[in-house]
S.K.: 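The structure follows.
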Amino acid sequence: MPKRAMQLWLMKSEPDVYSIDDLERDGSECWEGVRNYQARNFMREMAEGDLAIFYHSNTKPPGAAGVCRICRKAYPDPTQFDRKSQYYDPKSKKEDPRWSMVDVEFVEKFAAPISLQALKDAPALEGMRVTQKGSRLSVQPVDKAHFKRVLKMAGAKTKLR
DNA sequence: GCCAACGTTGGC
DNA sequence: GCCAACGTTGGC
């Protein structure tokens, strides 16, 4: 009966490509195109019901924009087999797909995004991966205390138990 | 647009 | 297995 504890994540997306507003409009979306092994491995650890901070990268300012929930666990990313896709990977084999993706659903958009600078300036968030210099990882785990703090900073409706 | 910080590739 | 060259990410 003991269930796996909920795990918490942060997922980066460039808002020009896909933003929290796009997710709010769509309700849910597949998280395609991750082509980094470490990020892929974290996605494979995700379970339905896990929550993730939706982070806007490569924009100004970058920062935490909202919350989403994992609604489908990892399965093969079809774009790796699509020759026309920018994510096509000629080395990936159908019988042993190299890349996975999960589906996420919209939970909430923060009233105002919490900028990366604000995250870095918060002493309680010390050690959070995304605040560390040169952190490029697009999918990363987040400590519960850090996740809660970000929710608090954002005045979020989402609460963790 | 620059460039630091990686990750990947391929020659050896 | 090493490592130089190259490509990508993403803040600034």
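Here the structure is a predicted model, which is why all the values come from computation and not from measurement. Just so we're on the same page: letters track the sequence lines, and every chain starts at 1.
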S.K.: Can you identify which nucleotide, out of B:dG10, C:dG10, B:dG7, has its nearest atom closest to the A:K91 side chain?
M.R.: B:dG10
S.K.: Whole Å only: how far is the CG atom of A:D16 from the P atom of C:dG10?
M.R.: 13 Å
S.K.: In whole angstrom, give the distance that lies between atom OH of A:Y87 and atom P of C:dG7.
M.R.: 19 Å
S.K.: Check the side chains of A:S28 and A:E105 for a donor-acceptor pair under 3.5 angstrom, ignoring hydrogens and angles.
M.R.: no
S.K.: Is the phosphate of C:dC12, meaning OP1 or OP2, less than 4.0 Å from a side-chain N or O of A:K120?
M.R.: yes
S.K.: Can you measure A:L10 atom CG to C:dG10 atom P for me and round it to whole angstrom units?
M.R.: 11 Å
S.K.: From CD of A:Q132 over to C1' of C:dG10, roughly how many Å is that when rounded to an integer?
M.R.: 15 Å
S.K.: Can you measure A:R129 atom CZ to C:dG11 atom C1' for me and round it to whole angstrom units?
M.R.: 18 Å
S.K.: Is a side-chain donor-acceptor pair under 3.5 Å present for A:T79 with A:R35?
M.R.: yes
S.K.: With a 4.0 Å cut-off on heavy atoms, is A:K60 in touch with a base, just the backbone sugar-phosphate, or nothing at all?
M.R.: nothing
S.K.: Would you tell me if any nitrogen or oxygen in the side chain of A:Y55 comes within less than 4.0 Å of OP1 or OP2 on C:dT9?
M.R.: no
S.K.: Report yes if a donor N or O on one partner sits less than 3.5 Å from an acceptor N or O on the other, where the partners are the side chain of A:R35 and the base of C:dT8; otherwise report no.
M.R.: no
S.K.: Whole angstroms only, please: what is the CG-C1' distance between A:N58 and B:dC3?
M.R.: 14 Å
S.K.: Rounded to the nearest Å, what distance is computed from the CD atom of residue A:E14 to the C1' atom of nucleotide C:dG10?
M.R.: 8 Å
S.K.: A:S100 vs A:R40, test: side chain to side chain donor-acceptor pair (under 3.5 Å). Steps then yes/no.
M.R.: CA-CA 6 Å; A:S100 300; A:R40 180 204 68 180; 5.5 Å; no
S.K.: Is it the case that the side chains of A:D121 and A:Q117 hold a donor-acceptor pair, with the cut-off being a distance below 3.5 Å and no angle test?
M.R.: yes
S.K.: Any side-chain donor-acceptor pair under 3.5 Å between A:W31 and A:D103?
M.R.: no
S.K.: A:Y37 OH to C:dG7 P: how many Å, rounded?
M.R.: 18 Å
S.K.: Starting at the 5' end of DNA chain B and moving along, which residue's nearest nucleotide shows up first, A:R98 or A:S135?
M.R.: A:S135
